[in-house]
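Input: a single structure, listed below in structure tokens.
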Amino acid sequence: MRIGELAEQAGVSTRTLRYYESRGLLPARRAVNGYRVYGDDDLRLVAQIRTLQDVGFGLEETRPFVECLQAGHPAGDSCPASLDVYRRKLAELDVLIEELRTVREQVGAQLVRAEAELPDGPEPRCELTHD
């Protein structure tokens, strides 16, 4: 298939495919006429990249998964290097989750403080709201 067909089937732009090619993630095979040509295996590579990116992996983090597929494995995450990327991503997510918990606690404490300082009378009119 040509680049436009691959882009349509993969749900990406031809520009994205050219970028993947420039980054060495998608093989650059050319027909005799100079057109890029792709097969079903290339569609699997692009699908793997997109799936990982959709859940927060950076493009370079997809490389071990792509290389695993290119080596003939049935799944991009059936190689040790791919599993290492999963482990690093989980550790990164654990750090982010802890940071978010800390921020949530701080915002919650600010809310409690602000509510405690409200006057007992009717709520003051906020000049930023439009009635």
Checking side chain to side chain contact (heavy atoms under 4.5 Å, CB included) against Gln48, which of Leu43, Leu69, Asp77 comes through?
-> Leu69

Please indicate whether Arg113 has more than 12 foreign heavy atoms, meaning atoms of other residues, nucleotides or ligands, lying under 6.0 Å from its CZ.
-> yes

Has Asp94 got more than 12 heavy atoms of other residues, nucleotides or ligands less than 6.0 Å from its CG?
-> yes

Are Tyr19 and Val66 grouped together when hydrophobic residues (ILVMFWY) are joined by side-chain heavy atoms under 4.5 angstrom apart?
-> yes

The complete set of disulfide bond (SG atoms under 2.5 Å apart) pairs with one or both residues in residues 2-73, sequence neighbours excluded, reads Cys68-Cys79

For Ala47, does its backbone N or O pair with a side-chain atom of Thr51 as donor and acceptor, under 3.5 Å?
-> yes

Evaluate the side-chain proximity of Gln53 to Glu61: yes if any heavy-atom separation is below 4.5 Å, no if none is.
-> no

Any donor-acceptor pair under 3.5 Å from Ser82 side chain to Gly76 backbone | yes

Would you check if Gln70 and Pro27 make a side-chain contact, meaning some heavy-atom pair closer than 4.5 Å?
-> yes

Please answer whether the main-chain N or O of Glu98 pairs with a side-chain N or O of Thr102 as donor and acceptor at a distance below 3.5 Å.
-> yes

Single-linkage hydrophobic cluster, 4.5 Å side-chain cutoff, Leu118 and Leu111 together = no

Is it true that atom CZ of Arg30 has more than 12 heavy atoms of other residues, nucleotides or ligands lying nearer than 6.0 Å?
-> yes

Answer with yes or no whether the side chains of Tyr20 and Arg50 bring together a donor and an acceptor at under 3.5 Å.
-> yes

Side-chain contact test, heavy atoms from C-beta onward, threshold under 4.5 Å: evaluate it for Leu6 versus Leu26 and give yes or no.
-> yes

Connected via hydrophobic side-chain network under 4.5 Å: Leu59 and Leu17 = yes

Nearest heavy-atom neighbours spanning Ala75 and Arg44 = N-NH2, 4.3 Å

Any pair with a residue in residues 2-45 that passes disulfide bond (SG atoms under 2.5 Å apart), sequence neighbours left out, goes on the list, sorted by first then second residue, please.
-> none

So which pairs with a foot in residues 14-43 pass disulfide bond (SG atoms under 2.5 Å apart), sequence neighbours left out?
-> none

Applying side chain to side chain contact (heavy atoms under 4.5 Å, CB included) between Arg36 and each of Arg2, Arg18, Met1, Arg29, report the one that passes.
-> Arg18

Interatomic spacing from CG in Leu52 to OG1 in Thr62 - rounded to 0.5 Å = 6.5 Å

Scan side-chain atoms only and decide if Glu21 and Tyr38 contain a donor-acceptor pair under the 3.5 Å cut-off.
-> yes

Tell me whether Leu25 is reachable from Leu45 by hopping between hydrophobic residues (I, L, V, M, F, W, Y) whose side-chain heavy atoms are closer than 4.5 Å.
-> yes

Would a hydrophobic clustering, with Ile, Leu, Val, Met, Phe, Trp and Tyr connected at side-chain separations under 4.5 Å, put Tyr86 with Val95?
-> no

Where the side chain of Arg63 meets the backbone of Arg23, is there a donor-acceptor pair that is under 3.5 Å apart?
-> yes

Heavy-atom donor-acceptor pair, Lys89 side chain to Gly56 backbone, under 3.5 Å = yes

Do Arg88 and Glu92 come within less than 4.5 Å of each other through their side chains, counting heavy atoms only?
-> no

